Visitor: 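Below is a structure I'd like to ask you about.
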Amino acid sequence: MTVRTRFAPSPTGFLHIGGLRTALFCWLYARRHAGHMVLRIEDTDLERSTPEAIQQILDGLEWAGLDHDEGPFFQTKRFDRYRDVIAELIETGHAYRCYCSKEELEQLRAQQTARGEKPRYDGRWRERTDSLPGVAPVVRFKNPLSGEVVVDDVVHGRVVFQNSELDDLIIARSDGTPTYNFCVVVDDMDMEITHVIRGDDHLNNTPRQLNMLLALGKKPPVYAHLPMILGPDGAKLSKRHGAVSVLQYRDEGFLPEAVLNYLVRLGWSHGDQEYFSIEEMVRLFDIADVNKSASAFDVGKLAWLNQQHMMRAPASRLVPVLRWHLEHEGIQATSDDQLEQIVVSQRERAKTLLEMAVNSRFFFIAPTSYDEKAVRKHVTADVWAWVGEVSKELSQLADWSAPAIHALISGFAAAKGASLGKLAQPIRLAVCGGTVSPPIDATLAILGKDEALARLAKALAAWSA
RNA sequence: GCUCCCUUCGUCUAGUGGCCCAGGACAUCGCCCUCUCACGGCGAGUACACGAGUUCGAAUCUCGUAGGGAGCGCCA
């Protein structure tokens, strides 16, 4: 049996971190078993679905690199099929028309809640065959009245529901359009989905879907209900924290492979391993090893993982991303070669590529001012003179490479009986304007001889005052 | 309210009856390395929600309690 999973978002908003994790698990499971992942857009809610949201979801998946093998299929394009199945269900006695008005149902619910009961449809049209003229009916599924439904869930184990707890859900609205729980059943059946992997907020829907599937004479798929992802404070992911588009992580300088690595470790682990390449995830991940409990989103750990990925990636992988972020900062970078040097010297001092871009501004834009406190601290009269002397020596240097620069500066410092730091900090201040940069030799090398010397001269002039 | 789900350090987790007075990672703090910032290394503190039971022995099994979550729509 070929594994077939599906990712089925509803296009009512952007793809957030929870949706991405579900997509990731569907994708990993399909890839691991050489199966197919189908993408299905659940857009039956005509009111809330938007084309922009569809595009955002597609963009998010693409950025993450989670490709699908089939689809996207749109539920709105399958209305004829749903109509046929509804007709079939009515014909076989598994569904019926209900002429209750919304007001009538609201009243029923109000009464039940007042009595402390679970609000549910009481089946008043279940056995009626007449109709109410002038009223457009809904269609309800005739759920079994007794017995139990067992969901054999891969992550939760055996979960038992009593049929008496379930009511006759609406499968077609009075305007004839089908509803979510019903469409899911028909789609999963038609698309021959073997593994339904979704958030565990759907666990309660599963017995209803199982009953419908049984009424249609189909074998149920394997179910895996994933624990939810909570906000950093342990509360439900909300707009205020965490519930942002996955594309925002791109904008903040995260690598998709790092985000995926972070997400795969939420609810799943493989011994003590923290770092996973995409290939390792595919090879090692198994849905059966997933935890049952919800987990909180921790940006700090994501950031750490992001740096781990940056440090292990080939520099060429990071160059275009850094270039993208620099451009967003209004900086037009020139050579790939220079960017690669920047990446290599900066990646161990930045958690994200955005941070790297910001920290690397000075490579492209000469400082217009100098950190005053640092100047007072590091630029004394004799140090000022030394910087002048070392500048002169640097200007004579034929081989403008980090090792050569290092040899020159440390040799000069040694000759003066001073530590390298005594000299490195003022030079750093001169070329960066601040006290933080890669090692001074690398910084000067990347800057280029002309630029470095020009900045030194300018700083010397500014500090002579 | 009813039904269902969940519960190990601040956070992500290891652990499937003895290897655990609980291991790793992020974060925090300290030390080392060091030209800054980092990276890296070393070390510290911090957890089995609670209560019963089963057992020679429980983080691991059972029951209860508490807390959290989800669902109960002509939303998905």
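All of these numbers come straight from a predicted model, not from anything done at the bench. Labels below follow one simple rule: chain letters A, B, ... track the order of the sequence lines, proteins then strands, and each chain is numbered from 1.
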Visitor: Not counting sequence neighbours, list each pair that qualifies as a ring pair (Phe, Tyr, Trp, His ring centres under 6.0 Å) and has a residue in residues 95-125 of chain A.
Guide: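 For residues 95-125 of chain A: A/Y99-A/W125.
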Visitor: Students often get this wrong, so: under 4.0 angstrom with heavy atoms, is A/D441 touching a base, only sugar-phosphate, or nothing?
Guide: base
Visitor: Any side-chain N or O of A/T44 below 4.0 angstrom from OP1/OP2 of B/A76?
Guide: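 For A/T44, the contact criterion (side-chain N or O under 4.0 Å from OP1 or OP2 of B/A76) is met.
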Visitor: Is the number of heavy atoms from other residues, nucleotides or ligands within 6.0 Å of NZ (A/K422) greater than 12?
Guide: no
Visitor: Of all residues at least two apart in sequence or in a different chain, which pass the side-chain contact (heavy atoms from CB on, under 4.5 Å) check with A/S10?
Guide: A/T12, A/E42
Visitor: Taking ring pair (Phe, Tyr, Trp, His ring centres under 6.0 Å) as the test, write out the residues that go with A/Y370, two or more places apart.
Guide: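 If we apply the ring pair (Phe, Tyr, Trp, His ring centres under 6.0 Å) test to A/Y370, skipping adjacent residues, the hits are A/W463.
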Visitor: Just to be sure I understand the geometry, which residues of residues 300-311 of chain A put a non-hydrogen atom under 4.0 Å away from RNA chain B?
Guide: A/G300, A/K301, A/W304, A/Q307, A/Q308, A/M311
Visitor: Donor-acceptor pairs are to be reported for all side-chain atoms of residues 139-148 of chain A against protein atoms at under 3.5 Å, with residues two or more places apart or in another chain.
Guide:
{"residue": "A/R140", "atom": "NH1", "partner": "A/D168", "partner atom": "O", "Å": "2.7"}
{"residue": "A/N143", "atom": "ND2", "partner": "A/N163", "partner atom": "OD1", "Å": "3.3"}
{"residue": "A/E148", "atom": "OE1", "partner": "A/Q162", "partner atom": "NE2", "Å": "3.4"}

Visitor: Take atom C1' in B/A27 and the same atom in B/G69, then report the distance between them in whole Å.
Guide: 25 Å
Visitor: Kindly write out the residues that satisfy ring pair (Phe, Tyr, Trp, His ring centres under 6.0 Å) with A/Y275, not counting sequence neighbours, or none if the list is empty.
Guide: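 A/H309.
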Visitor: Using side-chain contact (heavy atoms from CB on, under 4.5 Å) as the criterion, list what pairs up with A/H406, not counting sequence neighbours.
Guide: A/S410, A/L420, A/D441
Visitor: Considering only heavy atoms and no angle criterion, is a donor-acceptor pair shorter than 3.5 Å present between the side chain of A/R347 and the base of B/C39?
Guide: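 There is none.
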Visitor: Under the ring pair (Phe, Tyr, Trp, His ring centres under 6.0 Å) definition, can you give me all pairs with a residue in residues 421-441 of chain A, not counting sequence neighbours?
Guide: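 Not a single pair qualifies under ring pair (Phe, Tyr, Trp, His ring centres under 6.0 Å).
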Visitor: Using a strict heavy-atom distance below 4.0 Å, which residues from residues 260-275 of chain A are in contact with RNA chain B?
Guide: A/R265, A/L266, A/G267, A/S269, A/D272, A/E274
Visitor: If you take any heavy atom closer than 4.0 Å to RNA chain B, which residues from residues 162-178 of chain A end up in contact?
Guide: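 A/E165, A/I170, A/R173, A/S174, in order of number.
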Visitor: Kindly write out the residues that satisfy ring pair (Phe, Tyr, Trp, His ring centres under 6.0 Å) with A/H94, not counting sequence neighbours, or none if the list is empty.
Guide: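 Partners of A/H94 under the ring pair (Phe, Tyr, Trp, His ring centres under 6.0 Å) test: none.
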Visitor: How would you list, by chain and number, every residue that makes a ring pair (Phe, Tyr, Trp, His ring centres under 6.0 Å) with A/F363, sequence neighbours excluded?
Guide: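 None.
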Visitor: Using atom C1' of each nucleotide, how far apart are B/U34 and B/G41 to the nearest Å?
Guide: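 It works out to 13 Å between them.
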